[in-house]
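Reading through the structure tokens given below for one structure.
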Amino acid sequence: MEKQKNRLLIVDSMALLFRGFYATYGFGPVMQTKSGLYTNAIYQYIKYFMDAVKKFQPTHIICATDMGKATFRNELYPLYKANRGEPPLELLPQFDLVKEVVDSFDIPFVGLSGYEADDIMGTFAKKYANEDTHVYILTGDGDTLQLLDENTSIIMMKKGFGNYDVITLSDLKDRKGLEHPSQIIELKGLMGDPSDNIPGCPNVGPKTAEKLLLAYRTIDGVFAAIHEVSGKLQQRLLENKDQIYLSRELAAINTLVPLDCVWNSCHCNFDQDKIKDMFERFEFNSLMKLLA
């Protein structure tokens with residue numbers, strides 16, 4: 001009998017929290033406990049998390065998180081993500097409380113100062129994806145497509161509850177017109193990313209960037225053949241060469257974060273009594289049925 005592969009689910013906790021918060025924010029009073037604790041993001045987090053566990057049946061789980069706003073990318077480029085405002089006050093305390101929620105499931109909740117959740121996810125994906133383990137990354141962030149390989153898939157959360165788009169390595173060309181996941185980084189280097197305030201090259205959009213990569217594969221390849229690029233595009237690329245390379249560096253997920261996580265601690269083995277106690281603490285009585 002063929003050995004069944006492990007299935008490691010890596011959860012983008014920041015994506016679940018923000019998605020959960022804004023799914024209910026602005027539609028009336030924010031969910032609170034009797035003591036005044038804001039819990040709407042945590043409540044939705046649990047719903048998303050448990051639905052994904054039910055659907056994808058992981059054998060192991062790791063939850064990844066940010067640890068503050070400043071990362072090594074801000075040292076490279078102080079304006080990185082400078083376009084983002086502060087989270088609403090109702091969300092702020094839930095960043096810490098979600099760790100207690102994850103702890104009740106007896107799975108690791110991992111973050112490291114100076115790095116983003118993407119870097120945590122990338123490091124664990126590269127560490128554990130192999131012929132014995134398939135990694136699934138649950139997120140809403142397209143940057144993670146650079147982590148695709150034959151043993152790593154991206155579960156992209158779509159609009160609405162329980163809607164997922166599972167993207168595999170073989171999907172990349174049809175979805176993005178790219179030959180290799182690393183070209184996601186090259187793409188961001190050329191066109192930038194307004195959501196993260198990554199500058200890229202002015203007036204180079206997705207179509208132009210994809211056309212350049214189709215012809216030359218990488219940014220290095222573009223500049224090696226810059227004499228073949230005509231007119232104003234050549235001028236823009238040359239004038240912004242340093243900014244393009246900086247943007248590529250900002251877009252690259254660090255897969256070498258110094259992390260310590262014991263494989264056995266990731267094993268999916270929930271203690272329902274612990275989870276019930278957590279539900280009671282946060283007054284999540286309506287979620288009890290999810291444990292059935």
Without swapping roles, check the side chain of [X] against the backbone of [Y] for a donor-acceptor pair under 3.5 Å.
X      : Y      : value
Asn40  : Val30  : no
Gln57  : Lys54  : yes
Thr123 : Val257 : yes
Asp149 : Thr152 : yes
Asp132 : Asn6   : no
Arg236 : Cys201 : no
Thr39  : Ile42  : no
Asp66  : Glu116 : no
Gln183 : His180 : yes
Gln234 : Ile226 : yes

For a 4.5 angstrom cut-off between non-hydrogen side-chain atoms, does [X] reach [Y]?
X      : Y      : result
Asn285 : Phe279 : no
Pro258 : Leu112 : yes
Gln44  : Met31  : no
Leu237 : Leu190 : yes
Ile62  : Tyr128 : yes
Thr255 : Leu147 : yes
Tyr25  : Leu91  : no
Tyr77  : Asp196 : no

Kindly write out the residues that satisfy side-chain hydrogen bond (donor to acceptor under 3.5 Å, both in side chains) with [X], not counting sequence neighbours, or none if the list is empty.
X      : value
Ser247 : none
Asp143 : Lys188
Thr168 : Ser170, Asp171

Co-membership, hydrophobic cluster, residues [X] and [Y], 4.5 Å side-chain:
X      : Y      : value
Leu290 : Val98  : yes
Met67  : Tyr115 : no
Ile107 : Leu287 : yes

Q) Within 45° of the ring axis of Phe161 and under 6.0 Å from its six-membered ring centre, is that where the NZ or CZ of Lys47 lies? A)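 Relative to the ring axis of Phe161, which defines the angle, Lys47 lies inside both limits.
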(Q) Restricting to non-hydrogen atoms, name the atom on Gly200 and the atom on Gln243 that form the minimum distance, rounded to 0.1 Å. (A)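 What the structure gives for the nearest pair is O-NE2, 2.7 Å.
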Q | Closest non-hydrogen atom pair, Ala70 against Asn74 | A |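 Scanning both residues completely, I find the closest heavy atoms to be CA-OD1, 3.4 Å.
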Within a reach of under 6.0 Å around [atom1] of [X], are more than 12 heavy atoms found that belong to other residues, nucleotides or ligands?
X      : atom1 : result
Asp242 : CG    : no
Arg217 : CZ    : no
Glu228 : CD    : yes
Leu89  : CG    : no

Spacing of [X] atom [atom1] and [Y] atom [atom2] [to the nearest 0.5 Å]:
X      : Y      : atom1 : atom2 : result
Gln4   : His134 : CD    : NE2   : 13.5 Å
Ile155 : Thr144 : CD1   : OG1   : 10.5 Å
Asp12  : Leu16  : CG    : CG    : 7.0 Å
Thr133 : Lys5   : OG1   : NZ    : 7.5 Å
Ile275 : Phe105 : CD1   : CZ    : 4.0 Å
Leu259 : Lys127 : CG    : NZ    : 7.5 Å

(Q) Tell me which pairs pass salt bridge (charged side-chain N to carboxylate O under 4.0 Å, His left out) where either residue lies in residues 243-267, with sequence neighbours left out. (A)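 Every salt bridge (charged side-chain N to carboxylate O under 4.0 Å, His left out) pair that includes a residue of residues 243-267, provided the two are not neighbours, is Glu186-Arg248, Asp220-Arg248.
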Q: Give a yes or no on whether the ring-centroid distance for Tyr43 and Tyr38 is below 6.0 angstrom.
A: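 Tyr43 vs Tyr38: aromatic centres not under 6.0 Å.
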Q: Quick one: list whatever passes ring-ring contact (aromatic ring centres under 6.0 Å, His included) with Phe282, sequence neighbours left out.
A: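 Checked Phe282 against ring-ring contact (aromatic ring centres under 6.0 Å, His included); matches are Phe284.
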Q: Step by step, work out the side-chain contact (heavy atoms from CB on, under 4.5 Å) result for Asp106 and Asn269.
A: CA-CA 7 Å; Asp106 291 321; Asn269 185 23; over 6 Å; no
Q) Using the ring of each side chain (for Trp, its six-membered ring), is His60 parallel, tilted or perpendicular to Trp263, with breaks at 30° and 60°? A)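 Answer is parallel, since the angle falls under 30°.
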Q: Take Leu233 and Val204, measure what side-chain contact (heavy atoms from CB on, under 4.5 Å) needs, and give me the verdict at the end.
A: CA-CA 8 Å; Leu233 177 57; Val204 170; 3.9 Å; yes
Q | Worked check of side-chain contact (heavy atoms from CB on, under 4.5 Å) between Leu246 and Tyr80 | A | CA-CA 11 Å; Leu246 170 63; Tyr80 178 70; over 6 Å; no
Q) So Ile120 and Thr65, side-chain contact (heavy atoms from CB on, under 4.5 Å) or not? Walk me through it. A) CA-CA 7 Å; Ile120 306 301; Thr65 188; over 6 Å; no
(Q) Among Tyr48, Tyr136, Phe56, exactly one meets ring-ring contact (aromatic ring centres under 6.0 Å, His included) together with Tyr164. Which residue is that? (A)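 It is Phe56, the one option of Tyr48, Tyr136, Phe56 that forms the ring-ring contact (aromatic ring centres under 6.0 Å, His included) with Tyr164.
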Q) Between Asp118 and Arg73, does at least one N-O distance fall below 4.0 Å, as a salt bridge requires? A)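 Salt bridge absent between Asp118 and Arg73.
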Q | Qualifying side-chain hydrogen bond (donor to acceptor under 3.5 Å, both in side chains) pairs, either residue in residues 203-213, two or more places apart | A |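 Counting only pairs at least two positions apart or across chains, no side-chain hydrogen bond (donor to acceptor under 3.5 Å, both in side chains) contact touches residues 203-213.
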